[in-house]
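One structure is given below, encoded as structure tokens.
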Amino acid sequence: MSDAFGPVARALREAAPDRLAEVADQAVRAGLGASRTDVFVADYRISGLWPVLDPELPDAGFLACHGVAQRCFSSQQPVLDGGDDGRCRVYLPLTVWGERLGVFLVELPASPSAATVEAVRDVAGELAVALRAADRQTDRYRRARRRERLSMAAEMQWDLLPGRSVTHGAFLLAGQLEPAYTVGGDHFDWSVDGDRLTVTVLNGAGTGLSAALLTAVSVNAMRNARRSGGSLVEQAELASDTIFFQHRGERHVATLLLELDTTDGRVRAVDAGSPHVLRVRGRSVARVPLEQQLPLGMFAETRYEVQEFTVEPGDRLFVVSDGVYAADPGGREPYGERAMARSMRATRLQPATEAVGTVMRGLQSYHVDVDLRDDAVVVCLDWRGQGGGGAGWAR
């Protein structure tokens with residue numbers, strides 16, 4: 001069965017970047033006699049899945065499959081949905097390197113065999129890789145993702161992100177920004193390189209476009225040092241010097257830099273400001289004690305020191321900006337006093353990709369009807385260890 005789809009990868013590579021959904025549709029219709037396919041992409045808030053092939057799909061038709069598609073997206077497993085007419089809808093995750101893009105729907109005339117499901121899953125895998133590559137060449141998929149217009153600052157921030165999740169034999173990592181359509185200076189970045197994972201979380205100063213510009217300079221300075229082989233300290237110091245000599249201490253960026261050795265779980269950290277790191281171990285939630293140093297760019301030639309801690313298989317780390325833990329809507333106690341820990345404990349059976357949304361929804365619920373007054377970033381790292389096992393979170 002999979003031989004019938006051998007040419008699909010080549011066809012997707014040769015397709016125009018804005019025609020990938022149509023090429024996959026033609027291949028599956030021809031190979032399986034499918035009556036319908038569609039590509040659903042997750043929006044910026046990951047609050048829904050939206051069609052690419054038929055963006056004007058009537059609400060009734062969309063809602064009829066939405067719950068099943070969301071189950072596939074959340075579980076990252078194929079889901080079969082049989083109808084009274086004998087037809088069967090197969091939903092498959094569109095995921096590449098742990099980055100969840102959306103769901104591929106295939107409607108078949110009858111319930112498929114296991115071999116057929118596996119073959120279509122291979123098509124979905126090829127399509128996900130192609131969609132990821134095409135995202136810089138066309139606006140089609142980004143238009144499908146957005147439910148409202150992005151601010152200029154948010155446009156810059158989302159373009160600067162490495163992705164929203166990444167997986168590895170030893171870990172699963174995910175992040176989320178809010179408010180998704182107007183976020184200003186808060187940001188996260190990461191890179192996987194051999195046995196090293198580097199993660200940075202920035203609590204950008206200010207609001208709007210000026211905050212986004214400051215964050216862009218900071219992120220690219222750290223990337224420049226990292227890509228040149230610079231250590232964690234060199235990344236922090238280059239970014240700090242770059243910001244200072246541009247703004248002379250009038251602007252600065254609170255940043256947490258982490259470097260995880262994926263062979264043994266040792267974490268090196270440079271704490272240059274306000275983002276907090278919390279460890280969830282079993283049902284215990286505790287802040288990892290790190291000595292805060294000066295934010296990036298506050299003074300000329302600031303020097304930074306590395307601190308270390310370790311994670312054990314099954315540990316979960318959350319990194320949150322002050323827009324999360326210090327949020328105090330309506331004069332209530334800050335979200336981070338108690339409510340945040342409750343939200344984090346509630347993620348125990350969820351993977352990191354779902355956990356970031358749970359904590360964000362907890363933050364938004366805590367605000368009740370009050371809009372977020374500050375940018376918020378949540379990054380979640382599930383540490384499996386070298387064996388890829390670990391307990392305390394869903395796999």
Side-chain angles (χ1 to χ4, degrees), residues 1-43 46-57 61-83 87-135 138 140-145 163-165 167 353-354:
M1 177 61 70
S2 60
D3 292 344
F5 295 101
V8 171
R10 177 181 295 178
L12 289 169
R13 286 197 300 271
E14 294 175 352
D18 63 330
R19 303 297 294 171
L20 296 175
E22 285 78 6
V23 168
D25 176 74
Q26 291 167 9
V28 175
R29 284 178 186 268
L32 291 177
S35 56
R36 175 194 168 199
T37 75
D38 208 339
V39 174
F40 294 90
V41 292
D43 62 36
I46 317 187
S47 61
L49 295 161
W50 306 91
V52 171
L53 274 173
D54 192 359
E56 303 302 323
L57 189 70
F62 171 66
L63 292 173
C65 64
H66 177 68
V68 186
Q70 189 65 49
R71 180 149 47 97
C72 169
F73 183 78
S74 298
S75 69
Q76 289 293 287
Q77 296 296 324
V79 176
L80 276 61
D81 182 29
R87 293 180 181 273
C88 183
R89 289 174 171 173
V90 183
Y91 297 84
L92 303 116
L94 290 170
T95 304
V96 55
W97 302 306
E99 172 80 357
R100 302 185 305 166
L101 306 179
V103 169
F104 186 40
L105 163 65
V106 177
E107 187 175 84
L108 300 170
S111 184
S113 66
T116 298
V117 173
E118 196 59 32
V120 183
R121 191 172 189 173
D122 288 343
V123 174
E126 296 288 353
L127 177 58
V129 173
L131 286 168
R132 188 73 157 83
D135 204 37
T138 176
R140 183 183 186 187
Y141 314 114
R142 296 188 186 215
R143 281 200 301 269
R145 285 175 58 192
R164 289 193 283 191
S165 53
T167 193
T353 45
E354 292 290 308

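Being a predicted model, the structure only gives us computed values, none of them experimental.
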Minimum heavy-atom separation for [X] to [Y], with atom names?
X: Val106; Y: Leu92; value: CG2-CD1, 4.4 Å
X: Phe104; Y: Ala124; value: CD2-CB, 4.1 Å
X: Phe73; Y: Ala42; value: CZ-CB, 3.8 Å
X: Ala128; Y: Val96; value: O-CG1, 4.0 Å
X: Pro17; Y: Thr138; value: O-CG2, 3.7 Å
X: Asp38; Y: Val52; value: OD1-N, 3.6 Å

Listed by chain and number, what are the side chain to side chain donor-acceptor pair (under 3.5 Å) partners of [X], not counting sequence neighbours?
X: Asp135; result: Arg142
X: Ser35; result: Arg87, Glu107
X: Thr37; result: Asp25
X: Gln26; result: none

Pairing residues for [X] by the side-chain contact (heavy atoms from CB on, under 4.5 Å) criterion, not counting sequence neighbours:
X: Pro109; answer: none
X: Ala133; answer: none
X: Ser47; answer: Asp43, Arg45
X: Val117; answer: Pro78, Leu80, Pro112

To the nearest 0.5 Å, what is the distance between [atom1] ([X]) and [atom2] ([Y])?
X: Ile46; Y: Gln70; atom1: CD1; atom2: CD; result: 9.5 Å
X: Thr167; Y: Trp97; atom1: OG1; atom2: CH2; result: 13.0 Å
X: Leu131; Y: Glu99; atom1: CG; atom2: CD; result: 11.5 Å
X: Leu94; Y: Gln76; atom1: CG; atom2: CD; result: 9.0 Å

How about [X] and [Y]: do any of their side-chain heavy atoms sit closer than 4.5 Å?
X: Arg121; Y: Gln77; value: yes
X: Leu101; Y: Arg132; value: yes
X: Thr116; Y: Leu108; value: yes
X: Val39; Y: Leu127; value: yes

All pairs passing salt bridge (charged side-chain N to carboxylate O under 4.0 Å, His left out) where residues 70-79 contributes a residue, at least two apart |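 Output for this query is empty, none listed.
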Taking Thr95 for the side chain and Gly98 for the main chain, is one N or O donor matched with an acceptor at less than 3.5 Å?
->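 Not confirmed, Thr95 side chain does not pair with Gly98 backbone.
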Walk me through it: do Arg89 and Val68 pass the test side chain to side chain contact (heavy atoms under 4.5 Å, CB included)?
-> CA-CA 10 Å; Arg89 289 174 171 173; Val68 186; over 6 Å; no
Partner residues of Arg19 under the salt bridge (charged side-chain N to carboxylate O under 4.0 Å, His left out) criterion, sequence neighbours left out =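 Salt bridge (charged side-chain N to carboxylate O under 4.0 Å, His left out) list for Arg19, sorted by chain: Glu22.
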Name all residues meeting the salt bridge (charged side-chain N to carboxylate O under 4.0 Å, His left out) criterion together with Glu354; count only those two or more places apart in sequence or in a different chain, and write none if there are none.
->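 Salt bridge (charged side-chain N to carboxylate O under 4.0 Å, His left out) check on Glu354 returns Arg100.
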